[in-house]
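Have a look at the structure below, then the notes.
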Amino acid sequence: MHLEQSKIPVIGEKPMNIDPYRSLKVETIRKDFPIFEAHDNPPLIYLDSAASSLTPLCVIDAMDKYYLNYRSNIHRGIYQISEEATAQYEEARKKVARFINSRRSSQIIFTRNTTESINLVAYSWGDANIREGDEILVTVMEHHSNLVPWQLLAQRTGAKLRFIEVTDDGVLQLEDLDGLLTERTKLVAITHVSNVLGTINPVQSITTAAHQVNAKVIIDAAQSVPHFPIDVQQIDCDFLAFSGHKMCGPTGVGILYGKRDLLEQMPPFLGGGSMIRSVERERSTYAELPAKFEAGTPGIAEAIGLGAAVDYLTDIGLDAIQAHEQEILEYAYQILSEIDGITLYGPKPRQRAGALTFNLSGIHPHDLAGVLDGEGVAVRAGHHCAQPLMQRYGVIATARASFYLYNKLEEVDRLYDGLLKAQKLFTRRRR
Ligand code: PMP
């Protein structure tokens, strides 16, 4: 199995569907996000959607409606408002299943976030299947939440972590994959899109290669599901994890998709109410999927809000969102690369989604973010929970601008102006 980088199709391994006639009506979209009205002087230029996206009114309304009209617990009450809450919660699960083309909605487990979804797999599937001497293959570009759970699993079991390296250009060194995937490899844990570099990894080809050595594959899709269409059956991954709060949904709800046979074989992660069939003094039997993995009262309003976010994104169209973001990324890449002393990390725009990460020579990214904040531009600065990647590039931190459906090209101009202002300020100070 050889994967040549040049043969890797861009964006989720489907041809990009950039149709200029479907370009987004951004001004109309921005009216859906009340936070822009709350910050109109100076206007909020929000370039941190990779950390958490903004929330449209329809999502807030859906959650309000739950609290105002039918707030109650689910799966328990034999009365009307509880039945309504249960129906809405389960409807949200169906919406998420359709959104990523899961065969059944019972393969969608609601968690708190991507981190919890990955930990669920690490503790439940991992403890039951990983033994001393086994290998877990990850990449150097993982977010800590798709690395630390595997380190902990390796420490519990005596398994070994192996790494796919990242090139200077910010793509995976896939020519090493043949040597890294062996009969010892039991799991490949890989991010679909790097939250730092924006790199889109060819997860479908990697999954095929992993399956050839009988390894399972978990995909961290926190930065892909919000930005372009995902089809879990096409990718054929065993698990896929993502967060509601990065896709216009509320905080506090995440998703784990899993193949049904695996989820059925796996022991529960958390024990308690809702996840049992029957309980005796010394032992219990467990509920069917998905309840087996949803112990206790879940984030009901949050799941319902996520369902509304899925409707919202589907109505606008993921293809159109993707095309819009590509336009902004390409523009940002072009004008930012003209700035003296800037280092842009990661591949060219067509191989990336969402985020643009950079450093300006002689200015700490935190100072940069501070100056930009003064201009009303919100960017992220730091290690982005990807310290091994920072070490790979020999930096402590970077600044990151990330884009979503509500961003405008003019906002990239404000970012550019802010960077020049920071440069002037800090060069003057040094003189
Ligand atoms: N993986 C990636 C690629 C991410 O960008 C993030 C969030 N920054 C996470 C995982 C963790 O997401 P959460 O904090 O919602 O668990």
Side-chain angles (χ1 to χ4, degrees), residues 32-33 53-114 116-117 120 221-222 224-226 229-233 239-260 263-264 270 273-275 277 287-318 321 405:
D32 297 334
F33 292 81
S53 70
L54 302 176
T55 317
L57 194 56
C58 59
V59 170
I60 300 165
D61 279 349
M63 293 171 73
D64 273 0
K65 221 166 158 187
Y66 163 73
Y67 281 114
L68 293 170
N69 296 343
Y70 59 99
R71 191 214 186 285
S72 54
N73 215 323
I74 54 166
H75 297 146
R76 285 168 208 185
I78 308 173
Y79 50 88
Q80 260 184 31
I81 59 169
S82 171
E83 279 169 6
E84 170 75 2
T86 305
Q88 293 296 335
Y89 181 81
E90 290 305 328
E91 188 55 35
R93 195 191 307 278
K94 288 186 191 139
K95 288 176 184 177
V96 172
R98 281 194 294 273
F99 195 59
I100 60 167
N101 197 27
S102 165
R103 197 183 294 272
R104 294 177 190 81
S105 62
S106 59
Q107 292 169 261
I108 302 295
I109 315 291
F110 284 131
T111 62
R112 279 187 308 138
N113 47 38
T114 306
E116 187 175 293
S117 299
L120 191 166
S224 59
V225 168
I230 300 290
D231 182 333
V232 286
Q233 293 187 59
F239 302 103
L240 184 116
F242 56 105
S243 296
H245 69 93
K246 293 183 199 283
M247 50 185 286
C248 293
T251 58
V253 61
I255 295 92
L256 175 69
Y257 157 85
K259 282 193 176 159
R260 189 165 80 148
L263 291 174
E264 277 177 347
L270 300 173
S274 304
M275 51 73 72
R277 179 175 303 162
E288 301 285 318
L289 294 175
K292 181 172 78 172
F293 291 110
E294 292 183 6
T297 301
I300 302 168
E302 286 74 6
I304 292 168
L306 174 64
V310 166
D311 284 343
Y312 182 73
L313 294 175
T314 308
D315 281 351
I316 292 171
L318 266 282
I321 292 172
L405 69 167

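Note that the coordinates shown come from a computational prediction; the quantities given were computed from them, not determined experimentally. Just so it is clear, the values below take in all heavy atoms, side chains as well, and ignore hydrogens, waters and symmetry mates.
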request  = Ignoring hydrogens and angles, tell me if any N or O in the side chain of S274 forms a donor-acceptor pair with the backbone of T297 under 3.5 Å.
outcome  = no
ask   = In Å and rounded to the nearest 0.5 Å, what is the CG to CD1 distance from D64 to I304?
value = 11.5 Å
ask   = Do F239 and S117 have side-chain heavy atoms sitting under 4.5 Å apart?
value = no
query = Do I100 and D231 come within less than 4.5 Å of each other through their side chains, counting heavy atoms only?
reply = no
query = Where do E91 and R98 land on the salt bridge (Lys or Arg N to Asp or Glu O under 4.0 Å) test, with the steps shown first?
reply = CA-CA 11 Å; E91 188 55 35; R98 281 194 294 273; 3.8 Å; yes
L240 CG to I230 CD1 distance, which is reported to the nearest 0.5 Å = 7.0 Å
query = Does the side chain of L289 come within less than 4.5 Å of R260's, by heavy atoms?
reply = yes
request  = Using modelled atom types only, decide if a donor and an acceptor are shared between the side chain of S72 and the backbone of Y70 within a distance under 3.5 Å.
outcome  = yes
request  = Please check if the side chain of K246 supplies one atom and the backbone of P226 the other of a donor-acceptor pair under 3.5 Å.
outcome  = no
message = As a quick check of understanding, evaluate salt bridge (Lys or Arg N to Asp or Glu O under 4.0 Å) for R112 and E302, giving each step before the final call.
response = CA-CA 9 Å; R112 279 187 308 138; E302 286 74 6; over 6 Å; no
request  = Any chance you could lay out the salt bridge (Lys or Arg N to Asp or Glu O under 4.0 Å) test for R93 and E294, step after step, and finish with the verdict?
outcome  = CA-CA 12 Å; R93 195 191 307 278; E294 292 183 6; 2.7 Å; yes
inquiry  = If you define the side chain from C-beta out and look only at heavy atoms, does anything of R103 sit under 4.5 Å from Q233?
reply    = yes
Lys/Arg-Asp/Glu bridge criterion (N-O < 4.0 Å) met for E264, K292 = no
key: Between N113 and S243: side-chain donor-acceptor atoms closer than 3.5 Å   = no
key: Inter-residue atom distance T55.OG1 - F33.CZ, 0.5 Å rounding   = 7.5 Å
request  = Please tell me if the side chains of I321 and L313 come closer than 4.5 Å, counting only heavy atoms from C-beta onward.
outcome  = yes
Validation row: V96, Y257 side chains within 4.5 angstrom (heavy atoms) = no
key: Flag, side chain of S82 to backbone of N73, donor-acceptor distance under 3.5 Å   = yes
ask   = Any idea which heavy atoms bring N69 and I81 closest together, and the distance?
value = O-CG2, 3.9 Å
ask   = Out of curiosity, L306 CG to D311 CG, how far, rounded to the nearest 0.5 Å?
value = 10.0 Å
key: Polar side-chain atom of Q88 near backbone of A85 as donor-acceptor pair, under 3.5 Å   = no
inquiry  = Contact between C248 and L54 at the side-chain level, heavy atoms closer than 4.5 Å - yes or no?
reply    = no
key: Side chain S105, main chain A97, donor-acceptor under 3.5 Å   = no
inquiry  = To the nearest 0.5 Å, what is the distance between CZ on F242 and CE on M247?
reply    = 5.5 Å
Pair I255-I108, side chain to side chain contact (heavy atoms under 4.5 Å, CB included): steps then yes or no = CA-CA 7 Å; I255 295 92; I108 302 295; 3.9 Å; yes
ask   = Are F110 and Y89 close enough that their ring centers fall under 6.0 Å?
value = yes
ask   = How many angstroms lie between CD1 in I74 and CD1 in I300, if you round to the nearest 0.5 Å?
value = 4.5 Å
task = Compare all side-chain heavy atoms of L263 with those of F293 and state whether any distance is below 4.5 angstrom.
result = yes
